[in-house]
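Residue numbers start from 1 in every chain, and the chains themselves are labelled A, B, ... in the order their sequence lines are given, proteins ahead of strands. Keep in mind the model is a prediction, meaning the values are calculated, not measured.
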Amino acid sequence: MTVEENAGNLEKLKANSVWYDANLDFLLQKYRGRYIAIADGKVLGDYDDFDKGVDETVLAGYALGTFMVHLCVPRVEETPWICLSGRVDFSRSMS
Amino acid sequence: MSAFVARFPAVVNEIKTKISVLPYREDSTRSLEVAGLWDTGAMFSVVSRRVAEMLHLEAVDLKRAYTANGWYETPVYRVDVVLPNGVRVSGLHVSRGELMVCDMLIGMDVIRHGDFMITNGVQTEFAFRIPAEGSAPY
């Protein structure tokens, strides 16, 4: 994978996340508590297990890096990923 | 049960060991040995951009990492790590960040699988036993 391909995939990841947030109210009505695979502005499938979601989406023909699997819950209910270490800078994680 | 002990030449203020990281479920020949900093202040482990690029890691999710300076979006990768005692911890969800003194921050997602002990007399000794067996010896 080239640096350019990696950057492109991160852009897709960001786009999928933006779509998710924009449609969260609707998604919660249908998929609350489920892991949903998202790519190109649509839900590819819903699963009760994260790894199953990734594996089956790959089997369906989507390459890793072109979709995301995310637990569909309100943002305030997401388990917070806390990192209080002063050794890491996340400000450029998406670049 | 398997344990390892890291002995440092003096009393230290950070615990770093070699650790191998590789893409989830991949053959161990694809592993990359890096310097890992053990950090109980991190709920999850973090890899550097260098590790992500060298292992050609592909993100499977995007999460918010909450720090003392607010939250940041970070890609999430699935990886396995091999500890200094050869034990493989599989299926970790790690984020990516700029790391200052190492290539991997080893967080509580790894630490919680075992018993973690640091002693400081004339020198620091760090011991990690996996799987966890419970109470401290005092």
Side-chain angles (χ1 to χ4, degrees), chain A residues 1-21 35-39 47 49-58 62-73 75-95, chain B residues 13-16 23-25 35-50 52-78 90-109:
Chain A
M1 181 182 61
T2 65
V3 173
E4 291 75 21
E5 285 168 341
N6 179 61
N9 285 346
L10 287 180
E11 288 295 322
K12 285 179 189 170
L13 185 69
K14 177 66 183 175
N16 287 332
S17 181
V18 168
W19 182 88
Y20 172 80
D21 280 324
Y35 291 92
I36 54 174
I38 298 168
Y47 310 89
D49 176 81
F50 182 91
D51 286 332
K52 185 177 177 183
V54 175
D55 292 344
E56 294 202 2
T57 305
V58 169
Y62 290 85
L64 282 177
T66 63
F67 65 92
M68 64 183 263
V69 175
H70 198 81
L71 179 64
C72 187
V73 293
R75 282 290 189 184
V76 293
E77 291 182 18
E78 289 188 355
T79 301
W81 270 32
I82 298 171
C83 184
L84 299 176
S85 177
R87 311 292 188 141
V88 58
D89 175 8
F90 290 106
S91 62
R92 288 179 291 161
S93 287
M94 291 299 291
S95 61
Chain B
N13 55 15
E14 60 184 21
I15 302 295
K16 278 197 289 188
Y24 178 52
R25 294 186 299 202
L37 177 72
W38 295 72
D39 194 332
T40 59
M43 286 177 65
F44 52 92
S45 299
V46 184
V47 296
S48 65
R49 177 194 301 264
R50 186 181 86 96
E53 288 177 353
M54 288 186 72
L55 293 179
H56 304 293
L57 296 179
E58 293 284 5
V60 290
D61 195 2
L62 190 150
K63 278 192 177 282
R64 294 178 178 177
Y66 289 84
T67 74
N69 296 320
W71 61 264
Y72 300 92
E73 288 186 320
T74 173
V76 175
Y77 307 106
R78 287 190 306 179
S90 184
L92 294 173
H93 292 188
V94 303
S95 68
R96 192 186 87 179
E98 303 295 319
L99 293 165
M100 294 175 205
V101 295
C102 57
D103 271 309
M104 183 167 185
L105 197 76
I106 303 160
M108 290 300 294
D109 53 340

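Contact of the A:Trp81 side chain with the B:Val76 side chain is registered, since non-hydrogen atoms from C-beta on lie closer than 4.5 Å. At least one side-chain heavy atom of A:Asp51 sits under 4.5 Å from a side-chain heavy atom of B:Arg78.
When heavy atoms are compared at a cutoff of 4.5 Å, B:Val46 approaches chain A solely by way of its side chain, counted from C-beta outward. Contacts of A:Asn16 with chain B are absent, with no heavy-atom separation under 4.5 Å from either backbone or side chain. For a residue to count as touching a neighbouring chain, one of its non-hydrogen atoms must lie under 4.5 Å from one of that chain's; by this rule A:Ser17 touches chain B with the side chain only. With a 4.5 Å cut-off on non-hydrogen atoms, A:Phe50 touches chain B through its side chain but not through its backbone. Proximity to chain B (any heavy atom under 4.5 Å) is restricted, for A:Phe67, to the backbone atoms N, CA, C and O.
In terms of heavy-atom pairs under 4.5 Å with chain B, the best-connected choice from A:Ile82, A:Val54, A:Asp89, A:Val88 is A:Ile82. Ranked by non-hydrogen atom pairs under 4.5 Å with chain A, the options B:Pro75, B:Ala59, B:Ser48 are led by B:Pro75. Your options are A:Leu13, A:Leu84, A:Thr66, and the one with the most heavy-atom pairs under 4.5 Å with chain B is A:Leu13. Ranked by heavy-atom pairs under 4.5 Å with chain A, the first of B:Thr67, B:Thr40, B:Asn69 is B:Thr67. If you tally non-hydrogen atom pairs under 4.5 Å between each of A:Met68, A:Lys14, A:Met94, A:Glu78 and chain B, the highest count goes to A:Met94.
Using a distance-only test at 3.5 Å, with no hydrogens or angles considered, a donor-acceptor pair links the side chain of A:Ser93 to the main chain of B:Arg96. Put simply, the side chain of B:Arg49 gets close to the backbone of A:Ser95: a donor and an acceptor are under 3.5 Å apart.
Here the CZ atom belonging to A:Arg87 is positioned 5.5 Å from the CG atom belonging to B:Leu37, to the nearest 0.5 angstrom. Rounding to the nearest 0.5 Å gives a distance of 6.5 Å between OH of B:Tyr24 and CG of A:Asp55. Taken to the nearest 0.5 Å, the CZ atom of B:Arg64 stands 13.5 Å off from the OG1 atom of A:Thr79.
Residue A:Cys83 is tested with B:Asp39, B:Leu105, B:Thr74 for a side-chain contact (heavy atoms from CB on, under 4.5 Å); the sole match is B:Leu105.
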